[in-house]
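A note on names: the letters A, B, ... follow the listed sequences, proteins ahead of strands, and every chain is numbered from 1.
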Amino acid sequence: MANSVKKREFFFKFFLAEIAEKIVRLELFVDDTRRQAPKENHSIFSIYDESIRILKSDFQKETGEFMEAVRKLDKGNSHYWMSHLHKKFFGRIETVHKCFRWIYTPWAEKETYAFLRQLLFESEKKKTHIQELKFTVVFTNDYTFLKHDTHKDLPDYTDISEAPVLALPKIEKGNPLVWTILVHELGHILAEEYGVIDRILEDVKEEVPGETKVRMLRKWIAEICADVASLQLLGPASILPFVTFCITLVNDNLHQASKDHPPPYRRAKYLWDSLETDIKIPYQKLPELEKYYSLFGTRCDIDTEIGYRTVEPKDFEQSFFPSEFVDSVARSVYDSWWSETSENQNAFGITNYETAKRELQTKSLSNNIPIASYLPESASRFVRSHAEECEKNNRETGLDDIYSKLDEEPSRMNEIINAGWIDKSEHQAEWLEQCFLTRTGSVEESFGKYKDKLVNLDLLLQKSMETSLIHKFYYQKL
Amino acid sequence: MTQTRIGRGTLLNDVDIVRRMVHDKENKRIVVTPIISMRQQLGPNSLDLRLGTEFVLKERSEHVAIDPVEALAGASDPERRYRRIKRVSPLDPFTLHTAEFVVAQTLEYVRLPRDVMGLLQGRSTWSRHGLVVHLTAGFIHAGSESPIVFELRNIGDVPIKLYPGTRIAQIAFLEMSSEAFRSYKEKKESKYAGAIQGSVGPYWLDSEFAVIRKGLKEDSRKPLMAPVS
């Protein structure tokens, strides 16, 4: 019982931390846009400033009330709290975000493209033209992520290869950890390129009654394809943002499907299973994975406690498909994807994910050091022990060889982003505690401190990505 | 706090620079990352540093003068509206025209322990073409941890194309008489401690200007050097 309450407490602290982050990002976007706006356009910003100020003040009050209630969290009131927090904050955050349609829409920075292209470049893809795929990154006013083929809006335009846009919410413009969700959207383009969707659909459509259901199944297969494509490129960093999105922004039951998407619960299950069977990283092996697995489990538990909202198996089958059928189709998608798209079945590029390199990168990030490059501790030890010897024996050429051991190796893009997720998972609870739960300052001071921590991590990751690209450009060529 | 006497104002040679970079105690390490080619970058008594991707330019046409006292009256970052950041890549260089002044930063992140300070200088390769790297503030304080931000000015006769990742400056390391009692990042007034992004100097934060501003607001007929009693 105590363990269950503790899990719930952790779950809701995570929820609160995510709310605080969204509020901070709203403010960052407004400030950034205001700075770039000519003075004549400034009057509109007062409505956003006031909305954000009220959100902040409500958040401060809510954390206080929540901390009073946290010890009494149980099956009865967890769902109340979740719905309450969702309605009181995420709903309003989305409303403010939609209102950004009246102000400036930025263009994506080079870094976002560099991140996506470098991921493709570093993956071992059988089709090398994948690296030349054309797409444009744009920003939406709705808090949503999507891939859209713009040629469908302009039927006179015929070159569909130039047309896809990948969209993310405006406030996530500078947040590399959330750019990972764009990789799922990029996965839709990859899925079309590899032709996996239609091949799998061809194999199974006989079992599906009616054209409507076949069209629905095609969409579901496309989503599962995009999931595995993202997993292949990012590894764990593809699952953690998906889980975060499901927990915080999907207000409905996670077992609930739609005509466009399989149930989030099932999609997450396929990802966790593939992480273990195809990439050989069971979630129990790494603390950040275990944390998010537990958070997701808690969310699902809260959903199923509200019995009347659970989709009954027979309803699911009538409206959608039998569960076993969906599982079997998903398995085909995953198997096909791994065998058809990569030279190395196990490749998301990071082998021995749990080794010293990952630890060193995570430690560096914690110490505020960008992780563009990597030098194993063994190299430092080698240089320490051999440098003195060379100097003593006056072996100049020996010294040169020793020094070259200090040449660092550029970090891969997925290593950087995974280290970023690990850092966030390790420190998020502590940041919430320091900034909001210990109550030492005003609302503005609390949010200011939280903003500093988030922005610092954003900048560290961006700096790491940018520098690693430069390093790769010169690596082993000098 | 016990003061430990380590060095006596020694300029580190190549072997000692490397020794400090691989020191077994982390808090004694000089951190410079990334090192792309140690053989190329390590000199007899300095380490070459590479040019980063970010350049800070000023929009001069609206900027009448830098007035640190007036700046305090306005927004928290009064220079922001005059500032423009340009980011380039190795294949897309930055052209520094004659007489142009920009603020740039190193590709490398540099962290110095409490008993080592850095001295930043340009490289003669470029100074001979009129490229001035850092104007007056070449001290990198003990305990600093950030990319090194420096000024660039072209006092030569022709524009110069600057490519990120190329070696633009060098840093020499001085072991101090003993560890600093208070490192740069521990000093309350430190403006740049831990900064990941470069910035132009926030001169308005120097506390003297608040005093001046207050003095100007008070009775202006009171002579500046009036006796206290």
Does any backbone or side-chain atom of [X] lie under 4.5 Å from a heavy atom of chain B? Answer side chain, backbone, both or neither.
X	result
A:Gln36	neither
A:Tyr403	both
A:Gln476	neither
A:Glu409	neither

Using heavy atoms and a sub-4.5 Å threshold, report which of residues 27-34 of chain A line up against chain B, by residue number.
-> none

Need one label for [X]: side chain, backbone, both or neither, based on atoms under 4.5 Å from any heavy atom in chain A.
X	answer
B:Leu107	both
B:Val32	backbone
B:Thr166	both
B:Thr53	side chain

How many angstroms lie between atom OH of B:Tyr109 and atom CG of A:Leu460, to the nearest 0.5 angstrom?
-> 8.0 Å

To the nearest 0.5 Å, tell me how far A:His471 NE2 sits from B:Ile35 CD1.
-> 9.0 Å

Any side-chain heavy-atom pair of [X] and [Y] under 4.5 Å:
X	Y	result
A:Lys363	B:Glu26	yes
B:Pro147	A:Lys463	yes
A:Arg381	B:Asp24	no
B:Met38	A:Ser404	no

For [X] and [Y], which heavy atoms make the closest approach, and how far apart are they?
X	Y	answer
B:Pro164	A:Ile470	CB-CD1, 4.1 Å
B:Arg39	A:Asp407	N-OD1, 4.5 Å
A:Glu408	B:Pro34	OE1-CA, 2.8 Å
B:Arg87	A:Lys110	O-NZ, 2.8 Å

Carefully, step by step, assess A:Phe473 and B:Leu91 under the rule side-chain contact (heavy atoms from CB on, under 4.5 Å).
-> CA-CA 10 Å; A:Phe473 184 81; B:Leu91 300 177; 3.6 Å; yes

Could you go step by step and tell me if A:Leu406 and B:Val18 meet the side-chain contact (heavy atoms from CB on, under 4.5 Å) rule?
-> CA-CA 9 Å; A:Leu406 292 177; B:Val18 167; 3.8 Å; yes

Counting heavy-atom pairs under 4.5 Å with chain A, the top scorer among B:Glu108, B:Arg29, B:Gln41 is B:Arg29

